[in-house]
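Quick notes on the structure that follows.
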Amino acid sequence: MATKSAIITGASSGIGQAAAKELAGQGYSVMLAARREDRLAELKQAIEEAGGTAEYLVTDVTSADQMKALAEAAIEHFGRIDVLLNNAGLMPLSFMNKLKLDEWDRMVDVNIKGVLYGIAAVLPQMESQKEGHIINISSVAGHSVTPGSAVYSGTKFAVRAISEGLRQEIDPAMAIRVTIVSPGAVATELVNTITDDDVLNGFKEGPEMEFLQAEDIARAIGYAVQQPAHVDVNEILIRPRQQP
Ligand code: NDP
């Protein structure tokens with residue numbers, strides 16, 4: 001018999017890794033995706049040692065073909081796709097006059113197109129199942145813009161627009177849900193993608209606060225998927241208590 005299954009992009013670190021453990025703990029068979037195979041293999045082993053079921057496929061979310069192959073692999077292993085967590089992302093914040101065009105391109109490719117390719121890869125299967133749940137990770141930066149966040153915020157505003165449009169278009173006869181999760185500052189490797197020294201120096205002057213942990217966001221994701229089928233948690237906005 002097919003078990004519940006979830007695909008998680010960006011599972012090699014941070015929020016994706018924690019969400020994979022959370023969903024595996026809830027009984028989902030998880031299909032892990034990212035580019036770093038060693039990390040995915042370690043996570044698969046950890047989940048299996050904890051009694052869960054996991055497979056992985058090395059996947060670059062900027063390739064529609066690889067995302068399609070990822071969905072096919074999930075169906076091959078687990079028979080169905082109940083949840084897609086579109087989580088992979090990067091945040092090379094920079095001031096626009098630094099003209100970091102490569103970073104702008106990468107953010108558009110991963111943060112926006114990656115989400116779109118994920119939706120394209122799973123929607124036909126979810127429609128044929130007449131149920132499913134797509135969870136897209138946006139950000140507090142998808143609600144407001146600050147100096148240095150223009151392009152990143154643009155991608156995260158886009159994630160919210162795409163998610164809301166998709167939600168409205170779902171045939172009401174289909175039990176397909178769409179959820180946006182918008183975290184504030186979470187202690188992960190994400191800041192390592194920043195190359196603009198002015199942005200990094202600005203961080204040092206920022207307010208002191210206790211950051212969220214990836215597990216805090218994983219629990220929010222766990223909450224959304226646990227709701228009964230008639231409940232669609234549209235968005236969860238979650239900040240560290242001390243974040244302005
Ligand atoms: P991490 O840097 O810890 O994780 C990012 C993940 O994305 C990694 O697993 C990385 O895997 C994956 N990834 C990056 N590029 C690609 C790609 N081209 N193809 C496949 N996977 C890719 O950061 P977080 O866990 O913090 O970030 C997860 C999401 O949360 C992102 O969308 C981020 O924007 C969002 N977010 C994070 C916040 C924070 O404060 N940390 C706040 C708000 C939102 P690999 O390199 O192995 O491919």
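All values below were derived from every heavy atom in this structure, side-chain atoms included, with hydrogens, water molecules and symmetry-related copies excluded. Computed from a predicted structure; not experimentally measured. First listed ligand is number 1; within each ligand, the first listed atom is number 1. For this chain, numbers begin at 1 and follow the sequence in order.
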Top protein contact for atom 24 (P) of ligand 1, by heavy-atom distance: T188 OG1, 3.5 Å

Would you call F211 a ligand 1 contact, heavy-atom distance under 4.0 Å? no

Would you say G16 and ligand 1 have an N/O pair spaced under 3.5 Å apart? no

Heavy-atom contact check, 4.0 Å cutoff: does I137 meet ligand 1? yes

Tell me whether ligand 1 is touched by Q17 - counting only heavy atoms on the residue side and a distance under 4.0 Å. no

Check for me whether A187 has a heavy atom closer than 4.0 Å to any atom of ligand 1. no

Where ligand 1 meets V110 - atom numbers and elements under 4.0 angstrom, heavy-atom basis: 15 (N), 18 (N)

Looking at atom 22 (C) of ligand 1, what's its closest protein heavy atom, distance included? A88 CB, 3.7 Å

Could you go through residues 88-98 and list every donor-acceptor pair under 3.5 Å that involves a side-chain atom there, pairing it with any protein atom two or more places apart or in another chain?
| from | atom 1 | to | atom 2 | distance (Å) |
| --- | --- | --- | --- | --- |
| K98 | NZ | D196 | OD1 | 2.5 |
| K98 | NZ | D196 | OD2 | 3.2 |
| K98 | NZ | D198 | OD2 | 2.7 |

Side-chain atoms of residues 16-26: list all donor-acceptor pairs with protein atoms under 3.5 Å, sequence neighbours left out, distances to 0.1 Å.
| from | atom 1 | to | atom 2 | distance (Å) |
| --- | --- | --- | --- | --- |
| E22 | OE2 | Q26 | NE2 | 3.1 |
| Q26 | NE2 | G222 | O | 3.3 |

Cut-off 3.5 Å, side chains only: do S29 and S5 have a donor facing an acceptor? no

Could you see which bit of L190 sits under 4.0 Å from ligand 1, with heavy atoms only: side chain, backbone, both or neither? both

May I ask you to check whether Y56 and E37 show a side-chain donor-acceptor distance below 3.5 Å? yes

I want to know if ligand 1 touches G10 in the polar sense, i.e. an N/O pair below 3.5 angstrom. yes

Any donor-acceptor pair under 3.5 Å linking the side chain of S163 with the backbone of I180? no

Under 3.5 Å between any N/O of S139 and any N/O of ligand 1: does that happen in this structure? no

Polar proximity ligand 1 side, V140 side, N/O cut 3.5 Å exclusive: no

Top protein contact for atom 20 (C) of ligand 1, by heavy-atom distance: T59 O, 3.3 Å

Polar side chain donor-acceptor pair, T155 to N111, under 3.5 angstrom: yes

May I ask whether S182 places a heavy atom under 4.0 Å from ligand 1? no

T62 N/O under 3.5 Å from ligand 1 N/O: no

Return the closest protein heavy atom for atom 34 (O) of ligand 1 as residue, atom name and distance. Y152 OH, 2.6 Å

Ligand 1 to S12, heavy atom cutoff 4.0 Å, flagged ligand atoms 8 (C), 9 (O), 10 (C), 11 (O), 45 (P), 47 (O)

Rounded to the nearest 0.5 Å, the CD1 atom of I217 sits from the CD1 atom of I137 at a distance of 7.5 Å

At less than 4.0 angstrom from any non-hydrogen atom of G89, what atoms of ligand 1 do you find? 5 (C), 7 (O), 14 (C), 31 (C), 32 (O)

